[in-house]
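First up is the structure itself, then whatever we jot down about it.
Positions are given from 1, in the same order as the sequence printed here. Ligands are counted one by one from 1 in listed order, and the atoms in each one are counted from 1 as well.
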Amino acid sequence: MAKPKRRYICQACGSVSFRWQGQCADCGEWNTLAEEAPETVFSAKHNLSGGGRAIAFEALDAPGEVLKRKSTGLAEFDRALGGGMVPGSAVLMGGDPGIGKSTLLLQAAAKVAQAGLSAVYISGEEAAGQIRMRADRLGLAGAPIALAAATSVRDILTTLATMPPPALLVIDSIQTMHSDQIEGAPGTVSQVRASAFELIRYAKENGVALFLVGHVTKDGSIAGPRVLEHMVDVVMAFEGERSHQYRILRCLKNRFGPVDEIGVFAMEGAGLAEVGNPSMLFLSGRDTPVAGSAVFPAIEGTRPVLIEVQALIVRLASGATPRRAVVGWDSGRLAMLLAVLEARCGLNFSSAEVYLNVAGGYRLSDPAADLAVAAALISALADKPLPGDAVWFGEVSLAGEIRPVAHAPIRLRESAKLGFSSAFGPGEAGGASDGRKFTALTLLPNLVDRIMGAP
Ligand code: TYD
Ligand code: MG
């Protein structure tokens, strides 16, 4: 057998190279290549086309098991999962440090245990005493959770094999787990992959709902290889600004359901509280309208949420390079919108700094936000407040047209319910207006005239 070559694995994307380099050739990250032990290859035979066992095929409509979802005890968590946890599935939960992943899973484990199912919580990050203190603080000290601090996957699986499989198994976090079959420190790509593989296999074979906590790198992706995302059934992200109270639980991948529902929580003194009706959360609640602020009726899954978008424009003395800073929206999308406003509407942002903020630490992903952002930008540029009772929604094309978006009637209904009596949106949205004022806009210049032209 040939002498195994040294292997370097990018800790960000998992790609393999045989030479150390400062930058990963695949994902372009710097200083992410680390040496890991070579994989053993048992390749005595030339190919795989013979010598195996025959597999049996099944029909698609064969009577199989129906998904028997179980509740996590937290309605918002169930909602984000697409209706509860699925036995025999693996969920990867990512999120910034301190956002509340451990708190959420401890609360769910406690609820599951209180409902009479068995829940196991294994932490590789905190000592059992620390978790007990947190449970005390959450008022969950009495919940019959099986708690352990461990990092060896072999120890964990050996222990689990001696007891009936739990309904819920939490591993906090996968980066601290260690498999003794693989060389290398916990957290390296091979270790994370091997540990996750063994734990997921246990979960599938025993009908356990497995939740793996995953650390997140600074650009927001789950640390370790992308393969981890391929290995699990569900990938969730727990988002929010640490300085704000609200947390959004979002599904990024879901083999068992839709990915567009979100769960909304508020971090309080006694843990995460569920927010069943989030429509008013992301409004700042001022009485007098200010320039640069526009309200956007977003749709998250099936629920409408009103969100305030704030823009600030600072004129610069000529010469300096103006900054563009965005919190809660895509910066590429902002650049595009600014370009459209310049090219199609003749506005000039080139010598101005542009700041855009979405209230409450919310991250907007709905494409219909374009019109609200444009309205906020124009209002800030003109220094004219928008009407306090107005909402704005619609997608803006590169040609400056305002395009129809999904769920216009729900957006209008919810806005009206919360006291926003006038709405601006794409032409077709108007439909059934019962007393509400709807203004159809077809081109971005119409919007500019309307805001700039008002006395
Ligand atoms: P934690 O669940 O440890 O975050 P993660 O596991 O994602 O790193 O949450 C830690 C933060 O949550 C901590 O900074 C304080 C806050 N917190 C509360 O505000 N109230 C509480 O009841 C708890 C348990 C935590
Ligand atoms: Mg934690």
Side-chain angles (χ1 to χ4, degrees), residues 72-74 76-77 80-81 90-114 119-143 145-151 153 156 168-178 186-187 192 195-196 199 210-224 228-229 232 234-252 262-275 278 281 360-363:
T72 58
L74 297 166
E76 290 295 302
F77 199 169
L81 279 167
V91 179
L92 177 65
M93 181 173 305
D96 288 335
I99 209 74
K101 303 179 292 296
S102 307
T103 308
L104 178 67
L105 289 170
L106 187 63
Q107 283 184 240
K111 290 275 178 158
V112 167
Q114 281 167 345
V120 173
Y121 187 105
I122 295 175
S123 178
E125 310 207 320
E126 292 163 290
Q130 262 175 300
I131 303 168
R132 215 173 295 123
M133 260 160 54
R134 175 179 298 149
D136 260 342
R137 182 170 160 189
L138 299 173
L140 298 171
I145 306 179
L147 186 65
T151 55
V153 177
I156 293 171
L168 171 67
L169 170 62
V170 177
I171 301 288
D172 186 3
S173 64
I174 188 64
Q175 276 86 8
T176 56
M177 292 298 136
H178 169 82
V192 166
S195 305
L199 290 163
L210 169 68
F211 286 80
L212 302 170
V213 173
H215 289 174
V216 162
T217 57
K218 38 174 203 314
D219 65 350
S221 55
I222 291 171
L228 201 51
E229 299 190 13
V232 296
V234 179
V235 178
M236 308 192 91
F238 204 29
E239 302 174 345
E241 291 285 318
R242 234 173 316 167
S243 49
H244 286 87
Q245 193 189 8
Y246 296 110
R247 303 282 185 271
I248 310 285
L249 186 60
R250 210 183 272 284
C251 230
L252 305 179
I262 59 166
V264 183
F265 297 88
M267 183 58 96
E268 290 173 356
L272 290 158
E274 300 185 61
V275 180
L281 288 188
Y362 194 87
R363 240 207 101 71

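The protein residues lying under 4.0 angstrom from ligand 1, judged by non-hydrogen atoms, are Asp96, Pro97, Gly98, Ile99, Gly100, Lys101, Ser102, Thr103, Arg134, Arg137, Leu138, Met267, Glu268, Gly269, Ala270, Gly271.
A distance of 12.5 Å separates CZ of Phe211 from CD1 of Ile171, quoted to the nearest 0.5 Å.
Side-chain contact, Ser123 with Asp172: no donor N or O sits under 3.5 Å from an acceptor N or O.
Excluding waters, the set of protein N/O/S atoms under 2.8 Å from the Mg ion (ligand 2) reads Ser102 OG.
Using a 4.5 Å heavy-atom threshold, the side chains of Leu212 and Met177 count as separate. Residues Ile174 and Leu199 have side chains in contact (heavy-atom distance under 4.5 Å, counting atoms from C-beta outward).
The side-chain hydrogen bond (donor to acceptor under 3.5 Å, both in side chains) contacts involving residues 134-143 comprise Glu126-Arg134, where partners must be two or more places apart or lie in separate chains.
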Distance-only criterion, 3.5 Å: show the donor-acceptor pairs between side-chain atoms of residues 265-274 and protein atoms not counting sequence neighbours.
from   : atom 1 : to    : atom 2 : distance (Å)
Glu274 : OE1    : Ala75 : N      : 2.8
Glu274 : OE1    : Glu76 : N      : 2.8

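Judged purely by atom type and a 3.5 angstrom limit, Arg250 has no side-chain atom pairing as donor or acceptor with the backbone of Ala80. Remark: side-chain polar atoms of Lys101 are paired, donor with acceptor, to backbone N or O of Gly95 under 3.5 angstrom.
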For Cys251 and Val234, what are the C-alpha separation, side-chain angles and deciding distance, and is it a side chain to side chain contact (heavy atoms under 4.5 Å, CB included)? CA-CA 7 Å; Cys251 230; Val234 179; 3.6 Å; yes
